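Only one structure is covered here, and it is reproduced in the block below.
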Amino acid sequence: MELIIEEISRGKKLIGRHKFATSTVNVGRAYNNDIILSDPHICPEHLALKCEDGIWYIKDLESLNGSVFANKQPLTQWQALVSGDIIRLGKTQLRFYLPNHPVSKSVEFSELENAVEYFGRWSMIIAMVALFGLINFAMLYLNDPNKEIVYSQLFIGVISVTIGYALWPLLCSLMAFLNKHEPRVGSQLGVSFVIINMFWILDFIDALLGFNISSQWSWHWLLAAASIGLTFSLFWFNFYIAFQQSPKRRFRIAAGLTIIIYGGLYMNELSDKPEFNPYPVYNSTVLTPIFSVAPASSSDEFIKQSDDLFIEADKNIDKK
């Protein structure tokens, strides 16, 4: 009977798979074995397997560190294998399957996975990175305090910021590669820069509302909630692409990182905030006219509106 042997990690992630149609299989570090493992804690001849009457048996060959089942039962004599059994030898784990072992149903591509693949196209990545660079260039240009602008320095600043933001998705791809998963660098970059560009949209909305709405209307909590949601989404998608995790575990990790970041920012803001400031604070920030929803008025119109306001006030006083 055929036997399938998988080498798996401690987290039960597949590293390698072998299929044998022979009646005996030998496992160890020696080169005459059927499965050659590089773990230094494994003996040259470590495990032996044999098939008798359609049943596979396994035995430890009196190795130095021994072999145990996943339930920590030591393997000291010939024992029958059950499809799905996991044997630990040294720091390596082997999983054994028989050919008739049931497999899970095929998974249909979801809309979420299709969206991840779409944003992972290099055309989308280039578009999102270019949009991020243009917005950064515009912001650096508008906020430059120098009268004489050096465009080469602006370009260097844009490139540095773009590379800085690209390090996180690249790090996620590296972690996926080290954990024997597909790196999916394109999907990591595409999704990350889509979400990062949404942060710029939030900043624009914040400036637009701050310039046109009274301070009595509190919209900052709504934008803060949207910012927290985007941060959580960024981490959630990064781990969705990089690792094969359960939805619950992915949610906990993304939520934990989000809480750490915004909790730290909130504590830092509290530490920098003075206890009491007896002097009024004047915000002298000048925004460009495009942030104003109301049309601009000329000086003559402003003076006339002011005079009308005083006349109306005098009339109200006379009535009283």
Side-chain angles (χ1 to χ4, degrees), residues 1-51 56-61 63-75 79-107 109 113 116-117 120 169-188 237-250 252-253:
M1 179 183 289
E2 295 176 333
L3 180 67
I4 297 93
I5 303 178
E6 294 181 344
E7 183 180 355
I8 59 177
S9 66
R10 292 292 179 91
K12 294 183 174 56
K13 304 300 181 183
L14 180 63
I15 298 175
R17 179 181 287 132
H18 313 273
K19 186 174 183 179
F20 298 93
T22 59
S23 59
T24 60
V25 177
N26 295 314
V27 181
R29 281 193 301 113
Y31 297 115
N32 60 343
N33 288 290
D34 299 297
I35 296 182
I36 304 171
L37 301 173
S38 59
D39 187 347
H41 302 90
I42 294 176
C43 292
E45 285 80 26
H46 199 106
L47 279 179
L49 296 100
K50 64 180 181 179
C51 182
W56 278 95
Y57 297 88
I58 186 169
K59 180 184 178 182
D60 182 89
L61 300 177
S63 61
L64 178 64
N65 295 305
S67 305
V68 296
F69 283 92
N71 59 5
K72 297 185 179 180
Q73 176 187 354
L75 181 62
Q79 295 190 38
L81 273 177
V82 178
S83 185
D85 275 346
I86 296 177
I87 304 294
R88 185 180 303 166
L89 53 161
K91 291 186 176 180
T92 304
Q93 290 193 134
L94 297 179
R95 181 164 52 196
F96 301 88
Y97 285 128
L98 298 179
N100 58 354
H101 191 90
V103 297
S104 58
K105 295 181 179 180
S106 301
V107 179
F109 277 111
E113 183 62 27
V116 169
E117 291 292 332
L170 292 176
L171 178 62
C172 291
S173 297
L174 178 61
M175 289 190 296
F177 175 77
L178 295 177
N179 283 276
K180 309 298 182 181
H181 297 300
E182 186 181 359
R184 302 180 70 180
V185 179
S187 296
Q188 288 283 7
F237 273 103
N238 288 142
F239 291 118
Y240 170 81
I241 297 170
F243 306 111
Q244 295 177 0
Q245 299 173 317
S246 64
K248 187 179 295 185
R249 183 179 183 185
R250 190 184 308 122
R252 288 200 299 263
I253 295 176

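One-based numbering along the sequence shown. Computed from a prediction, not measured in an experiment: that's the story for all the values here.
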Let me see the working for Phe20 and Leu49 under side-chain contact (heavy atoms from CB on, under 4.5 Å), right down to the final yes or no. CA-CA 11 Å; Phe20 298 93; Leu49 296 100; over 6 Å; no
Arg17 and Ile4, any side-chain heavy atoms less than 4.5 Å apart: yes
Between the CD1 atom in Ile241 and the NE2 atom in His181, the distance rounded to the nearest 0.5 Å is 13.5 Å
How many angstroms lie between atom CH2 of Trp56 and atom OG of Ser23, to the nearest 0.5 angstrom? 6.5 Å
Going from OG on Ser38 to CZ on Arg29, what distance comes out if it is rounded to the nearest 0.5 angstrom? 9.5 Å
Distance-minimising heavy-atom pair for Tyr240 and Val116: CE2-CG2, 4.1 Å
How far apart are the closest heavy atoms of Gln245 and Arg250, and which atoms are they? O-NH2, 2.8 Å
Donor-acceptor side-chain pairing of Asn238 and Gln188 below 3.5 angstrom: yes
Over all atoms of both residues, closest heavy-atom pair of Pro74 and Gln79: O-NE2, 3.6 Å
Listing request: all salt bridge (charged side-chain N to carboxylate O under 4.0 Å, His left out) pairs with a residue in residues 84-106, at least two apart in sequence or in separate chains. Glu6-Arg95
Testing the basics here: between Pro44 and Asn33, what is the closest heavy-atom pair and its distance to 0.1 Å? O-ND2, 2.8 Å
Side chain proximity check, Ser67 to Leu47, heavy atoms < 4.5 angstrom: yes
I need the minimum non-hydrogen distance between Ser9 and Ile15, along with the two atoms involved. N-CD1, 3.8 Å
Which is it for Gln93 and Ile87 under the side-chain contact (heavy atoms from CB on, under 4.5 Å) test, yes or no, and what are the steps along the way? CA-CA 6 Å; Gln93 290 193 134; Ile87 304 294; over 6 Å; no
In Å, rounded to the nearest 0.5 Å, how long is the span from NE2 of His46 to OG of Ser63? 3.0 Å
The ring pair (Phe, Tyr, Trp, His ring centres under 6.0 Å) partners of Phe96 (sequence neighbours excluded) come to none
So NZ of Lys50 and CG of Leu81: to nearest 0.5 Å the spacing works out to 12.0 Å
Do Leu94 and Glu7 have side-chain heavy atoms sitting under 4.5 Å apart? yes
Can you find a heavy atom in the side chain of Leu3 that is under 4.5 Å from one in the side chain of Leu98? yes
So, taking the atom named SG in Cys172 and the one named CZ in Phe243, what distance separates them when rounded to the nearest 0.5 Å? 6.5 Å
Would you indicate whether the side-chain heavy atoms of Thr92 and His41 approach each other to under 4.5 Å? no
Which heavy atom of Ser173 sits nearest to which heavy atom of Pro183, and what is that distance? OG-O, 3.3 Å
Would you say Leu170 and Val185 make side-chain contact, with heavy atoms under 4.5 Å? yes
Output, in order, the C-alpha distance, side-chain angles, deciding distance and verdict of side-chain contact (heavy atoms from CB on, under 4.5 Å) for Thr22 and Asp34. CA-CA 10 Å; Thr22 59; Asp34 299 297; 5.6 Å; no
Please lay out, stage by stage, how Leu89 and Leu37 fare under the test side-chain contact (heavy atoms from CB on, under 4.5 Å). CA-CA 10 Å; Leu89 53 161; Leu37 301 173; 4.0 Å; yes
Got Val68 and Gln73 here, is their nearest side-chain heavy-atom distance under 4.5 Å? no
Side chains of Arg249 and Phe239: closer than 4.5 Å at any heavy-atom pair? no
Under the ring pair (Phe, Tyr, Trp, His ring centres under 6.0 Å) test, which residues partner His101, sequence neighbours left out? Tyr97
